[in-house]
Number of protein chains: 4
Amino acid sequence: MCPRTKQQFEVIRAEKSELIMQTALVLFAKKGYESTSVGSIAKKAGISKGLMYNYFQSKEDLLTKITINSLSQFSDVLQIENQEHIKKEELIRFIDGNLLLLKESPDFFKLYFSLSAQPGVFALLEQEILKVFLPLMEVFSNYYSQKGDKNPDVKARFLLAVFDGIGIHYLVDTKNFPIDEIRDMIIELL
Amino acid sequence: MCPRTKQQFEVIRAEKSELIMQTALVLFAKKGYESTSVGSIAKKAGISKGLMYNYFQSKEDLLTKITINSLSQFSDVLQIENQEHIKKEELIRFIDGNLLLLKESPDFFKLYFSLSAQPGVFALLEQEILKVFLPLMEVFSNYYSQKGDKNPDVKARFLLAVFDGIGIHYLVDTKNFPIDEIRDMIIELL
Amino acid sequence: MCPRTKQQFEVIRAEKSELIMQTALVLFAKKGYESTSVGSIAKKAGISKGLMYNYFQSKEDLLTKITINSLSQFSDVLQIENQEHIKKEELIRFIDGNLLLLKESPDFFKLYFSLSAQPGVFALLEQEILKVFLPLMEVFSNYYSQKGDKNPDVKARFLLAVFDGIGIHYLVDTKNFPIDEIRDMIIELL
Amino acid sequence: MCPRTKQQFEVIRAEKSELIMQTALVLFAKKGYESTSVGSIAKKAGISKGLMYNYFQSKEDLLTKITINSLSQFSDVLQIENQEHIKKEELIRFIDGNLLLLKESPDFFKLYFSLSAQPGVFALLEQEILKVFLPLMEVFSNYYSQKGDKNPDVKARFLLAVFDGIGIHYLVDTKNFPIDEIRDMIIELL
DNA sequence: AATGAATGAGTCTTCATTCAT
DNA sequence: AATGAATGAAGACTCATTCAT
């Protein structure tokens, strides 16, 4: 039967929307955004192609929503409190949280890195990514500033670049990459 | 009239081939491999679509040839001699060479990073990239080994990851990225 | 609105599929498989090029499905029962059935003959054609065997070759070919 | 050196022309006219694509010339003399000549059969083929007429159809087709 | 006579998107 | 909400043919 109550609608919408995004994220990560067809997403999600357009305006919109969604989770987990006085332990906790996300959600990071390198699609998401990136920059900059470092901004940029480099290498060669030992090396940089 | 000599043809082939590869590299870097059509390459190179297939078996072949070509130039420039006893100065020279390439051939590095994140296409080139990557790993590993480091392999992997992270960040935000100051920070890691 | 039921979709698929196959058969027969473009099939069938690929995986798949489809109709009509004791009347009925098919479905036979002569495409369908051809061979061989003929296999092959020769000549010059009188001559060969 | 004498030119032209036709015939027979590219002919013949157009106006022209050439050889071999009084022995000799050609030049017959079934290309050659076919029809018709047969034309058509049927079956399954035993069965039809 | 670079129309095929139901 | 048939533009690629040399 087709008709349902309003509440049922909302529950279904939320679940389906999540299902589609999860499925798409996996495929985007595995095959890349361009090489993933809407048809293959629908098939893997067990829905019809048409339904996807009921939830997302376009393939691009789907990508955007996935990114925003993932980034907001990312932000939630990696919250750093008390910007006034940033302790090393807090940064370590942040880094470990970051690495945990990398291990547990490699798909989003794969997507993130592939988008970073493809300006065409990236433009849409640049704003969203900057919303996460800039505060992060500031935290690290402040940290080094408090430590009395001469070039806190440069050090912060350096550290974020290092994070990304490690992320990529880990994702390209997950099995062999000595992620835990390298984590210790990052800590030493703080 | 007599036909052109073999040598004349070779010159034409070499020049056109180079033109096509250069043009394609720029577009691949700017828009990504998947989003760059053969037609757009031909148009920008001022040739017909068909001609590309006179020089390259397929779009994929073009990508492969570009990568191999660029990597071999890369290898030439970054040669490290006397593996027995690697001096710090030599590594610094290597790093500076590397950064110079990054500044002067950003297109290839953009392509390289975008491929790294896209497993489908990357698979084709993995071997070629490993041919450059593995010897590099060894050089750095040997260096740290000679320095008496406990985990030379881990340190080498870390350093190469750092290179890539810096490369990406530089390419994404070339204007603002403090590449020279960050270069100094890398040197300190040696 | 509710979506169409599965059965409604099945009806649509069956009808469109049939339409496409019928249209393609006519064109394949008239112009040959290679010289018939998917575009021309779509145009004649009044559908878009893309839709054909919703029903058939490729042009080759379309050809295969048409052949299998036609051959199965062919098999149904030309069933020979009671292989133990094959009567001449039954063979005559078979031959007349065969000639009727030739008259009424010249397109399929044209396709069949053109494929027979083109090894490349033929390979795909050889199995399917053999499924019809071999049992036929056996029927005729058994018949001649029962008649006490010395070389029943050879006679059977001869007869099948004769059928094809007549088929081709009829199709090449349908207007003038004295098919009915020649039918009588075949009967005399039994 | 380029310049040559007039005679040298003519010899070269005749040889190259023959070479191209032979090569093309083999490929046309193996892969079909449509599926054989001019490039593949040139490659196999060891010449350049351009040169082919020095000898033949087009691919179609090449096909036509090949057909005419082959048919004329065919005609030469299968000459029947003294039409006034046609002896059975002469027809047998003709049939054996025919079968010998089939065995020794299967390529031309493959081409002939594939063209017969593809009206598009066939139209060009219909005239040429009729030039051989019609006189043949007449010979057999006369023969049966002299024998006092009621329907000599029908019998002649029947016999020619039988030839073609046997030809096709022989070419499709050369290894297993009992061509010599079937030859004897044809003789009995005379 | 001979070469092969170059063209451009045409081929098969894919795919994001729309729409009737 | 949900389906999948249908579209049409675009993509990779092929190939007969031309042309400068």
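Just so we're on the same page: letters track the sequence lines, and every chain starts at 1.
Cation-pi geometry between K59(C) and Y33(C) is satisfied (NZ or CZ under 6.0 Å from the ring centre, within 45° of the ring normal).
Between L111(A) and D107(A) there is no side-chain heavy-atom pair separated by less than 4.5 Å. Using a 4.5 Å heavy-atom cutoff, the side chains of T23(D) and I47(D) are not in contact. You'll find the side chain of I41(C) reaches within 4.5 Å of the side chain of L62(C), heavy atoms only.
Of the nucleotides present, dG10(E) is the one that pairs with dC13(F) by Watson-Crick or G-U wobble criteria, both distances under 3.5 Å. Nucleotide dA20(F) forms a pair with dT3(E), judged by Watson-Crick or G-U wobble geometry with both contacts under 3.5 Å.
Atom CZ of F56(B) is separated from atom CD1 of I66(B) by 7.0 Å, given to the nearest 0.5 angstrom.
If you measure from atom CG of L51(B) to atom P of dA5(E), you get 9 Å, rounded to the nearest angstrom. Look at OH on Y55(A): it is 18 Å from P on dT18(E), rounded to the nearest Å. The distance between atom CE of M52(A) and atom P of dA2(F), rounded to the nearest whole Å, is 14 Å. Atom CZ of R13(C) and atom P of dA20(E) are 20 Å apart (whole Å).
One finds no side-chain N or O of N54(A) lying less than 4.0 angstrom from the OP1 or OP2 phosphate oxygen of dA2(F). Distances shown here put a side-chain N or O of K59(C) below 4.0 Å from the OP1 or OP2 atom of dC12(E). Contact between the side-chain N/O atoms of K49(A) and the OP1/OP2 oxygens of dA16(E) is not found at any separation under 4.0 Å. OP1 or OP2 of dT17(E) sits under 4.0 Å from a side-chain N or O of Y53(A). Regarding contacts with the backbone of dT3(E), a side-chain N or O of S48(D) is found under 4.0 angstrom from either OP1 or OP2.
Each of G39(B) and G46(C) was matched to the nucleotide of DNA chain F holding its nearest heavy atom; the match closer to the 5' end belongs to G46(C). A residue-by-residue look at S58(A) and Q57(C) shows that Q57(C) has its nearest nucleotide of DNA chain E further toward the 5' end. If E10(B) and R4(C) are placed on DNA chain E by their nearest nucleotide, the residue sitting closer to the 5' end is E10(B).
Contacts of T36(C) with the nucleic acid, taken as non-hydrogen atoms under 4.0 Å apart, involve only primed sugar atoms and P, OP1 or OP2.
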